[in-house]
Amino acid sequence: MSRLLLAVPAMLGVFVVVFFVIRMLPGDSAEAMLGASATDAQIETYRAAHGLDKPAPVQFWIALKNLFRGDLGDSLSHYRPVLSVVLERLPSTIELAAYGIVLGSVFAVILGVVAASFRGRWPDLIITAYSTFGMSLPTFYIGLWILMVFAVKLDVIPVSASAVEGLPRWKTLFGPVLTIVVGGSLVRTTRSAILEILEEDFIRTARAKGVPKALILFRHALGNALIPIITMVGYGLAVSFGGAIVLETVFGRSGVGKLLIDAITVRDYPLVQGTTFVIALFMIVANLLTDVAAGFADPRIRVAGAGEL
Amino acid sequence: MKKTGILALCLAAALCLGALSACSSGNTQGDGAPPSASSPAPSGADSPAADSAKVYYMTTNFEESWWDPALFMQINDVSLAPMIYETLVELQTDGTVAPQLAESWDISDGGLTYTFNLRKGVQWHKGYGEFTSADVKFTLERQTDPAVASVNADNLNIANIAAIECPDEYTVVFKLKAADVDLLTRMSLYYSIIVCKAHSDKDGVASINSDPIGTGPFVYDGGTLGIKTEAVRNTEWWGDFTGNVDRVVSTFMSDTNTIYMAFDKGELHSTGLYDKDKIKEYEDKGYPVVNVPLLQLLYVGVNMQLEPFDNPVVREAFFNAIDVQYFLDNLYYGTESAVGSYVPPSSKYALTDYFKFNYDPERSKQLLAEAGYPDGVEVTLWGASDALGQPPAILTQDQLGKAGFKVNLQCVDFGVFIDQVRNGTAQMWVLYNTTGAIADDTINRYTSKSYPGSNWCGVTDAEYDALVEAGLNAKTEQEKYDSFYAAQRRLMDLQVIYPISTFSVGEVMQKNVSGYKSYGDLGFRLQTVTIG
Amino acid sequence: MAEPFIRIENLTKRFSISAGKRIRKTGFTAVNNVSLNIERGEVFGLVGESGCGKSTLSLLVLRLLEANGGAVYHGDTNILELPRRKMRRIRRDMQIVFQDPYDSLDPRFTLERIMNEPLQIHRWGTGAEREARIDELFAAVSLDKQQLKRYPHQLSGGQRQRLCIARSLALSPGFLVCDEAVSALDVSIQAQILNLLLDLKDEFGLTYLFISHNLAVVKFVSDRIGVMYFGKIVELADTDELFDNVLHPYTAALLSAVPDPDPFSEKKRDILPSGVPSLIDPPGGCAFHPRCKYAGERCARESPELRDAGRGHLVACHRLEC
Amino acid sequence: MSDGQRLLEIKDLRISFSVGEDTVRAVNGVSLTLDRGEALGVVGESGCGKSVTFSSVMGLLPSPPAVIEGEIVFDGRDVTKLSDRQMRRVRGKDIAMIFQEPMRSLNPVMRIGNQIVEALLLHGAVSRGQVWTRALELLKLVEVPDAPSRLHCYPHQLSGGLRQRIMIAMALASQPRILLADEPTTALDVTIQAQILELLKRVQRETGMSIVIITHDLGVVADIVDNVAVFYAGVIVEKADKYSLFRSPMHPYTIGLLNCIPTLQTKRKRLYVIEGNIPDPARLPIGCAFSPRCAYATERCLTEKPETRECAPGHFCACHLAGQIDPLNP
Amino acid sequence: MEAILKNKFFVIGGGIVLIISLLVLFAPLLTSYDYGAVDLPNKQLPPGAEHIMGTDLYGRDVWCRIIYGGRVSLTVALGSTAVALVVGTMLGALSGYVRGTLDFVLDRVNDVLMAFPMLLFSLVIGVVLGSSMKNMFLSIGIPIIPMFYRIARATAMSVGGRSYVLAARAMGGGRMRVILRHIIPNVLPHTLVILSSAIGGAILAEASLGFLGFGIPQPTPSWGLIANDGKTYMFSHPWTTAFAGAFIALTILGFNLLGDGLRDWLDPKIRTAAKR
């Protein structure tokens with residue numbers, strides 16, 4: 001609950017930072033949008049029409065007032081309210097991030113557990129090497145290869161998923177999600193979390209009780225390892241969202257990441273502010289959810305009441 | 001220890017197999033014929049109607065923004081626009097104009113009155129009624145409407161139009177203040193696309209951006225700009241629709257690799273490529289390629305207000321430092337040609353036979369030494385960092401390096417690039433410069449009143465200004481040609497712009513696509529195209 | 001009687017915990033209005049079970065923890081109100097030895113740097129004088145000089161505790177707090193350190209506040225002993241007086257609970273029921289009444305004050321008055 | 001008291017670990033027996049090998065680092081040779097173990113009830129049906145107040161004493177014949193310690209199982225056990241019934257220990273002290289391990305490892321000078 | 001010290017990083033080509049005798065560009081992570097030990113930094129400052145600061161409670177002295193451990209920025225740029241991207257193994273697990 005209240009200053013912080021940072025970008029929307037052949041007259045008309053000629057503080061005050069009314073202003077490059085442009089593309093990015101994180105985590109946790117249980121022996125080395133290697137390859141590299149293999153060679157999915165009508169959902173997601181899963185870094189976190197927990201005293205008690213190895217691993221060790229893993233998932237979101245920008249370019253998905261890149265290129269201030277605001281909101285809510293989930297997994301937080309001294 | 005570990009391992013393996021089999025099973029659902037020469041319905045398209053209706057898949061790789069022609073900077077700002085909208089007259093590839101929405105026209109009292117007789121029975125899309133002279137009047141008058149915020153008022157030379165009259169539904173009369181030799185050419189270009197008055201009255205000024213209404217061979221059929229837009233064939237189109245395309249789908253794809261893969265798999269019927277290697281590759285594989293010249297020119301410009309280029313000797317050295325032939329042979333494989341002036345040949349009033357390049361790096365070093373830079377001069381070369389801008393920038397930097405120029409290359413984000421040149425802080429830059437079909441803007445921008453601003457080269461030459469002034473106010477076409485030619489010769493002599501080559505796009509098409517016709521205004525249109 | 005070396009008056013410390021969802025601040029009193037005097041040259045023992053507040057008291061006396069109320073007089077100045085700079089000078093005279101020898105030495109410091117730190121903080125003497133001082137201190141705690149270049153993790157538990165003692169004596173303080181100083185050591189090493197502490201007291205005329213949960217160790221080393229329960233001193237007397245004439249029921253229970261290393265003793269064991277009550281909602285009146293077999297109705301109502309029951313034997317229990 | 005029927009026999013047990021170059025010899029030839037119903041006290045300072053010995057009895061030492069020689073015979077079988085699967089049928093069923101740190105020995109994310117039920121179900125001691133009632137009985141056996149509500153608590157909601165009782169309940173789940181208690185009360189306050197010791201005495205009396213108390217506190221040993229074995233540097237230096245050990249100790253180390261611990265009866269102002277440091281298992285001296293600290297060390301002690309001899313009925317000692325040292329004033 | 005040399009992760013990782021650093025350092029000796037020399041007629045040559053790793057789309061020798069590019073990529077990666085390490089550790093230590101309002105403010109700033117996807121933040125700063133190598137230190141460094149800040153703050157909080165800190169204060173040590181002498185030296189090992197994965201992240205970020213067109217300006221070579229140059233012909237002439245990608249992957253693998261080795265060696269629990 002209290003963390004939610006903390007999110008408000010963070011959100012305002014994001015809004016202010018973005019507002020002024022983007023204005024420091026050299027060149028403005030008029031120049032970037034109208035291109036090299038624009039005449040001075042065209043640039044003046046464009047600036048006047050979109051209120052770019054007002055001084056920054058005035059623009060800031062207007063933007064802030066609109067923000068509280070939930071209006072993120074109109075996009076310069078899309079001639080539509082920013083909110084509608086962003087909401088139109090948000091689902092595709094959220095869908096990508098969600099499937100990526102969920103499948104990625106499940107896949108990574110299993111590999112992490114296997115690696116931990118075979119500590120030091122060949123499965124551990126293979127899995128560690130794979131996960132380190134997976135993390136080392138640039139996202140676009142993995143993405144393009146997956147596209148080449150699954151789309152062109154195996155003809156399992158279309159290359160430009162968004163172009164084709166009536167495609168089953170999993171086909172639109174297969175490429176990008178596989179890229180996230182392959183590049184996932186959660187394997188190492190799971191492995192080290194489990195290794196650390198296997199040293200704890202209650203594991204020794206469980207062995208003294210005669211609990212078999214697999215049960216120790218899945219019930220006792222994994223149960224406790226979930227807490228650090230979930231927090232890492234939350235943190236991994238910031239990284240994977242960055243990756244999403246690259247993924248959307250490679251797989252031709254029109255998501256919020258790509259929208260933001262182009263908005264920056266054409267200096268569409270309202271759109272950049274709106275998109276960053278929505279992304280930041282989504283990120284903070286996601287971090288919050290992971291905190292709550294971590295709290296849920298750890299009874300020491302969920303069930304208050306200090307032990308009788 | 002052993003048993004349980006293996007159990008966990010099989011679990012992981014099972015998961016992977018499961019994932020793989022799930023997709024391979026997808027394969028057996030019969031995803032349409034593999035990409036063969038016949039009708040390459042995209043393998044992903046499961047919709048049964050694929051084989052009866054001919055759907056043309058195309059792509060755009062830049063961000064499309066809005067449908068309102070008043071905001072267009074070029075005809076292909078929106079890929080489907082040329083097929084949805086139409087103008088009064090059509091620009092032919094040879095520069096002459098032919099009837100389109102206007103069946104005939106006549107010019108009277110010394111070029112001050114133009115009377116257009118409109119085609120009868122032309123219907124606006126989606127039942128917005130018949131096309132009348134009121135639509136033409138509305139299209140021109142909305143240019144000055146602040147709600148529209150049009151950027152094309154100057155292109156249409158609105159200030160020179162005294163009045164527009166509609167004596168009846170099918171005739172419209174333009175009363176000019178002064179003679180405008182290029183009015184007809186203007187009427188054929190993207191900024192004079194006729195928009196529907198009824199639509200604007202009924203749904204408001206901004207409605208054009210959410211639901212574009214035109215009179216062209218294709219009708220807008222939904223989708224969002226920047227993601228995917230579609231248009232369906234206009235069965236009641238007045239013109240002769242010789243092709244067999246029923247629907248066209250334009251998808252936004254920005255990664256070149258993804259585009260090549262989609263094209264190789266037959267998911268795209270055509271795509272515009274800049275990369276000459278790739279074009280050559282497809283040509284060798286027997287794909288039909290149409291070379292569409294663009295109103296673009298690759299050039300290296302310098303700012304004569306900034307040191308060292310304020311010294312004419314340095315500028316002369318610069319004019320000997322770049323090997324145009326190397327560009328033509330190794331970068332463009334002979335598909336492009338050298339240029340006579342800073343205005344590309346495909347633009348009206350372009351001077352084609354004046355500037356001759358000669359490449360003499362030694363002479364350039366010698367000149368630099370004379371100008372006081374015995375061991376070469378330090379300069380910063382600005383370029384755009386996108387896939388199009390990098391190759392010429394790297395080539396230029398390499399060649400200048402061999403001619404005594406120590407070049408610090410700055411390939412930056414386009415916004416940053418524009419800001420540098422417009423503020424007059426960029427010494428030297430290399431760029432594909434876009435011009436209009438009529439050269440007015442390009443020639444007018446180097447007059448001293450435009451510095452700093454669009455006059456990046458910092459030219460403040462009275463003689464050039466006078467020649468440009470005379471050209472703009474020329475009474476007859478010939479007079480305009482003469483003064484514009486003189487102006488171009490004057491600027492080339494100042495040696496501030498070193499034109500390298502023309503630039504064109506290679507429209508690569510699937511083998512079964514035929515009938516593509518190129519148009520004077522370089523618009524991409526499919527009404528004559530048939531999918532085999 | 002000379003002015004007491006350390007005078008503690010009504011010292012109180014409350015900790016607040018905002019427990020998770022409940023924003024409302026709940027808290028508990030770890031040290032509840034404690035007053036006691038420590039004479040110069042005396043070993044004052046403080047004994048009590050874990051959670052009774054004895055360690056917190058030690059941190060309050062050295063002002064490593066800010067108290068919520070009361071005063072600590074060193075000589076005639078109340079150190080709780082001293083400004084930072086003056087406080088630094090007073091600290092030279094008061095030092096502390098902690099329980100866990102592995103936790104009280106910075107793993108990244110060599111022994112030499114550890115010994116030099118106090119001298120550097122107070123810019124004491126020149127390089128040579130410092131080296132001599134360190135040799136002198138190592139000799140006092142019988143540590144080998146050659147080990148100066150080594151790291152703490154290369155020493156045994158006993159050696160590390162000797163190092164802590166040497167470090168605390170570097171600025172020749174008058175007052176030394178030993179907070180469970182021997183509890184973490186093995187029995188044979190414990191005996192060596194206890195003897196060392198007593199020798200150092202005589203040699204340097206130190207005053208000790210010796211804190212431990214082990215009654216036998218406190219009895220052996222202390223001149224006077226205070227018994228703490230639930231943040232309060234429940235009984236305070238000279239060592240022999242306390243053990244020969246136990247008054248407070250809790251102290252009696254403590255004595256009986258200590259396992260006697262003699263198989264022949266038929267010590268009847270009276271086992272206290274349940275455990276120490278939760279600090280978050282303390283019982284009313286005397287904190288011990290829920291576990292005390294003599295508890296009367298007054299005990300539940302009113303918390304008893306420390307009163308002198310003769311021969312300086314202070315006790316806080318209603319049973320003795322009536 | 002034991003009824004003479006042998007349960008466990010450890011014969012010349014040696015355990016060493018290799019860490020880096022040096023090998024840590026934790027146990028250097030330990031032999032002892034445990035009969036049914038016997039309460040054995042195992043005393044020694046840290047690093048003397050007492051915990052390692054009984055961890056190996058439970059098969060808790062992972063074999064790759066640990067090298068185990070000698071035999072541990074239980075129920076006629078040598079436990080050290082059993083496979084992990086076979087050992088799991090013994091662990092928790094016939095031999096149970098509780099540990100020192102109650103705060104960390106219970107799984108923090110599992111409810112108490114589930115952890116007990118897990119112990120019950122493991123060895124088929126109880127069918128699924130009455131497993132919860134059996135759990136409640138166990139909690140009553142270890143005197144946990146209002147047991148039903150405790151089943152649903154998490155470990156962090158209980159005090160140290162309560163948690164140790166839960167550990168004992170879990171250990172008794174399938175009526176083991178031996179209970180190993182490694183420093184069961186060290187981390188507890190003295191009043192709680194008294195409660196737990198009383199509980200262990202009562203449980204042993206009622207179930208008749210034999211119990212091994214590993215501790216460094218001689219007071220705990222004097223109170224609860226029958227015989228005492230004193231460990232030093234991985235070897236048993238002295239073993240006898242508690243009365244003869246306390247009244248007439250023979251080994252100088254035992255004598256030293258008994259005299260250097262302050263008790264409520266101690267009057268002297270200075271403690272008797274055993275000089276020197278705790279032996280480092282990685283660098284043990286050749287002769288008697290205690291020789292560097294022994295006041296009576298002779299030339300022979302420095303070179304020759306003393307044999308364990310029965311110097312008096314039931315009183316074993318590993319010292320060349322056994323019987324010649326006056327225990328009262330060393 | 002010798003214990004660490006036995007840790008196989010450390011040795012393999014260290015080996016890889018060492019080899020690559022040597023290659024990059026002695027680049028001038030290993031190739032005579034100029035990484036900027038354009039030679040279009042023989043562009044896109046496959047690896048052969050003349051050009052061991054073939055040439056890129058401008059005819060430049062790929063092997064030469066990769067080892068020179070290594071200088072840029074490693075400097076950017078090390079520089080940016082160094083910035084993040086120093087700032088993150090300092091602020092984290094301060095915030096974790098001092099707590100109070102400073103901690104609250106810094107924590108909120110950290111939340112703001114964390115609310116941005118890493119790549120986006122680098123991108124904006126890169127464009128604002130201009131993407132010279134020096135500025136890349138900031139544009140890639142700043143988004144990584146939270147990674148170090150979080151670990152430093154958590155460790156500082158636990159170290160703050162340790163007895164040797166209390167002892168230092170008891171000796172009269174001022175707050176600054178305690179932080180510099182005790183808190184930071186004991187926090188640093190923990191942040192150093194994640195330095196390796198941060199370096200991996202930095203190299204990837206530089207590559208991704210290049211891919212999106214906001215990388216270091218041409219013709220200065222960096223691995224990310226080389227991989228990006230070859231991207232358009234990735235399937236017809238794969239070697240440019242393959243070699244660049246391999247070097248990126250190997251370096252990151254090396255640094256990560258180095259980090260693993262460091263963590264196992266630094267974390268006494270794992271190191272002494274065998275001795276139990």
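In this text, all values refer to a predicted model and were calculated from it rather than measured experimentally. Per chain, numbering begins at 1; letters A, B, ... match sequence-line order.
- Of the candidates C:Val258, C:Asn214, C:Leu215, C:Val258 is the only one forming a side chain to side chain contact (heavy atoms under 4.5 Å, CB included) with D:Val190.
- Heavy-atom minimum distance, D:Gly219 versus C:Pro259: C-CB, 3.5 Å.
- Among all heavy-atom pairs drawn from C:Ala216 and D:Pro262, the shortest one is CB-O, 3.2 Å.
- Ranking C:Leu194, C:Val187, C:Leu198 against chain D, the residue ahead of the rest is C:Val187, based on heavy-atom pairs under 4.5 Å.
- Taking every heavy atom of both residues into account, D:Arg293 and C:Gln192 meet most closely at NH2-NE2, 4.1 Å.
- Using a 4.5 Å cut-off between heavy atoms, D:Gln195 touches chain C through backbone and side chain atoms alike.
- In terms of heavy atoms, D:Glu45 sits closest to C:Asp186 at OE2-CB, 3.5 Å.
- Nearest heavy-atom pair, C:Ala257 versus D:Ala194, reported as atom, atom and distance to 0.1 Å: CB-CB, 4.1 Å.
- Annotation: the span from D:Ile278 atom CD1 to C:Ser188 atom OG amounts to 4.0 Å, rounded to 0.5 Å.
- Contact of D:Asp280 with chain C is not made at all, since no heavy-atom distance falls under 4.5 Å.
- Looking at C:Asp262, only its backbone comes within 4.5 Å of chain D, counting heavy atoms on both sides.
- Atom OH of C:Tyr151 is surrounded by 12 or fewer heavy atoms from other residues, nucleotides or ligands within 6.0 Å.
- Side chains of D:Leu264 and C:Asp260 form no contact here, defined as non-hydrogen atoms less than 4.5 Å apart.
- Counting heavy-atom pairs under 4.5 Å between each of C:Val217, C:Ile189, C:Leu254 and chain D puts C:Ile189 at the top.
- Taking OH of C:Tyr250 as the start and OG1 of D:Thr191 as the end, the distance is 6.0 Å to the nearest 0.5 Å.
- Of the atoms belonging to D:Glu143, not a single heavy atom falls under 4.5 Å from chain C.
- Of all residues spanning residues 156-166 of chain C, those with a heavy atom less than 4.5 Å away from chain D's heavy atoms are C:Ser156, C:Gln159, arranged by number.
- For D:Tyr243, the OH atom sits in a loose shell: 12 or fewer heavy atoms of surrounding residues, nucleotides or ligands are nearer than 6.0 Å.
- Considering every non-hydrogen atom in both D:Asp189 and C:Ser50, the closest pair reads OD2-OG, 2.6 Å.
- To the nearest 0.5 Å, atoms CD (C:Gln190) and CD1 (D:Ile261) are separated by 8.0 Å.
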